[in-house]
Each structure stands twice: as structure tokens, then as C-alpha cells.
Amino acid sequence: MTKEEIKKKELYIINAQLLGCIGYIISLFISIIIILNEKKIANGEEPFLTAEEAEMLTILNKLFIILLIIFFFYIAYQSYQLKILTNQDTSNLSLQIIGSILSFIVALIGLYTVTNSNDASIIKQTTNQNPFL
């Protein structure tokens with residue numbers, strides 16, 4: 001691999017990381033919307049999302065996060081391959097790949113929890129579990 005190809009691959013990885021970070025920011029905004037909706041429910045106010053909309057938004061956000069984790073796994077793997085080609089230390093990237101796999105498992109558990117929930121509202125779930133709330 002020539003120096004120009006290596007540089008091109010490095011720029012590709014950096015641009016992909018930037019795109020992934022923008023994706024996480026979008027996911028963060030969606031999470032904030034869901035939390036603000038839950039806050040309105042907790043205060044006894046009219047929520048701006050229906051229960052179905054909140055549940056769908058939560059599931060879609062979890063799916064989006066899983067896609068982002070897979071995307072970052074791909075980026076870490078591409079970085080790993082590049083380090084091998086340039087004879088550099090890959091131990092940190094190996095840890096990133098393991099972290100991506102573990103994050104994927106956690107995200108799947110989170111998605112499973114949300115999809116098997118009887119009610120999308122966190123407040124209503126806690127109230128059912130603890131009648132004093």
C-alpha cells in the first residue's frame with residue numbers, strides 16, 4: 001500500500017468517525033425529547049408525544065444506536081487493518097473492537113427490554129412497581 005493510499009484510508013476513517021459522532025448527537029437529541037416527555041408525564045402535564053409515539057421513538061432510537069455501534073465496530077476494524085498494514089501496535093484497537101462487541105450486546109439487551117415492555121412510560125412502570133410514587 002502506498003503512502004497516498006494510506007493517507008486516503010486514514011482520511012476515510014476520520015470522516016467516518018465524524019459521521020458516527022454526528023449520529024450519536026442525533027440520538028442524544030432524540031433521547032432528550034423522550035426524557036422531556038416523561039418529565040411532563042411525571043409532573044401531571046399533557047405530554048407532547050402519545051404513548052405509542054414515545055414507544056416507537058424509543059425503539060427506533062435503540063435501533064439507531066445499534067446501527068451506530070455496528071458502524072463504529074466497522075471503523076475500529078478498518079483502523080485495525082490499517083495499523084497491521086503499517087506495522088503499528090494494534091493492542092488499543094483490539095480493545096476498541098472488544099468494547100464494540102460488548103456495547104452491541106448491551107444495546108441488544110436494551111432493545112429487548114424496550115420491545116418487551118408493556119408500557120413505554122418509565123414513570124408508569126415505576127408507579128406500578130412502587131405504589132408510593
Side-chain angles (χ1 to χ4, degrees):
M1 197 173 231
T2 66
K3 285 189 177 190
E4 189 174 304
E5 290 173 330
I6 291 172
K7 187 67 110 178
K8 193 175 184 179
K9 184 87 165 176
E10 286 174 346
L11 287 173
Y12 169 78
I13 291 169
I14 290 170
N15 287 332
Q17 288 173 341
L18 180 63
L19 184 66
C21 288
I22 291 169
Y24 270 117
I25 291 170
I26 292 168
S27 175
L28 177 67
F29 283 130
I30 294 170
S31 296
I32 290 171
I33 290 169
I34 294 167
I35 291 170
L36 289 174
N37 191 59
E38 289 294 327
K39 184 178 178 185
K40 283 187 162 281
I41 293 170
N43 287 333
E45 300 172 12
E46 183 70 27
F48 48 87
L49 296 173
T50 66
E52 294 82 22
E53 290 171 340
E55 183 177 13
M56 185 56 68
L57 195 57
T58 301
I59 291 171
L60 290 175
N61 195 35
K62 295 283 184 185
L63 287 171
F64 185 61
I65 290 170
I66 289 173
L67 291 176
L68 284 172
I69 290 170
I70 293 169
F71 183 70
F72 273 106
F73 174 75
Y74 170 75
I75 294 168
Y77 183 72
Q78 291 296 317
S79 297
Y80 179 81
Q81 286 184 326
L82 184 63
K83 295 283 184 179
I84 288 175
L85 287 174
T86 56
N87 295 323
Q88 295 180 17
D89 182 31
T90 59
S91 58
N92 288 337
L93 288 170
S94 298
L95 291 173
Q96 274 186 339
I97 290 171
I98 291 169
S100 293
I101 293 169
L102 293 174
S103 295
F104 180 72
I105 292 168
V106 169
L108 284 177
I109 292 169
L111 179 64
Y112 176 80
T113 304
V114 169
T115 56
N116 287 325
S117 171
N118 293 333
D119 191 357
S121 173
I122 295 168
I123 301 301
K124 289 180 183 173
Q125 288 175 8
T126 13
T127 312
N128 290 339
Q129 294 170 0
N130 187 354
F132 297 109
L133 290 177

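Given the structure is predicted, the values throughout are model-derived calculations rather than measurements.
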>> Please check: side-chain N/O of Ser31 versus main-chain N/O of Ser27, any donor-acceptor pairing under 3.5 Å?
In response: yes

> Would Ile14 and Leu18 count as a side chain to side chain contact (heavy atoms under 4.5 Å, CB included) if you check the C-alpha gap in whole Å, the side-chain angles of each, and the deciding distance to 0.1 Å?
Replying inline: CA-CA 6 Å; Ile14 290 170; Leu18 180 63; 5.7 Å; no

> Out of curiosity, does Leu108 fall in the hydrophobic cluster containing Tyr74 (side-chain heavy atoms, cut-off under 4.5 Å, transitive links)?
Replying inline: yes

> Can you check whether Leu49's main-chain N or O pairs, donor with acceptor, with Asn37's side chain at less than 3.5 Å?
Replying inline: yes

> What is the distance from atom NZ of Lys62 to atom OG1 of Thr58, rounded to the nearest 0.5 Å?
Replying inline: 8.0 Å

>> If hydrophobic clusters are built from ILVMFWY residues whose side chains come within less than 4.5 Å, do Ile59 and Ile26 share one?
In response: yes

> Do Lys9 and Ile13 touch side chain to side chain, with heavy atoms closer than 4.5 Å?
Replying inline: yes

>> Let me confirm one number: the CD1-CD1 distance from Ile70 to Ile75, rounded to the nearest 0.5 Å.
In response: 12.5 Å

> Side-chain contact, heavy-atom cut-off 4.5 Å: Val106 with Ile69?
Replying inline: no

>> I need the Tyr12 OH to Gln17 CD distance, nearest 0.5 Å.
In response: 11.0 Å

Listed pairs under 3.5 Å, donor-acceptor, residues 94-102 side chains, sequence neighbours left out:
residue, atom, partner, partner atom, Å
Ser94, OG, Thr90, O, 3.0
Ser100, OG, Gln96, O, 3.0

> For Tyr24, what residues pass the ring pair (Phe, Tyr, Trp, His ring centres under 6.0 Å) criterion, not counting sequence neighbours?
Replying inline: Phe72

>> Could you tell me if the side chain of Ile32 sits less than 4.5 Å from the side chain of Leu28, heavy atoms only?
In response: yes

>> Checking the side chain of Asn15 only, and the main-chain atoms of Leu11 only, is there a donor and an acceptor separated by less than 3.5 Å?
In response: yes

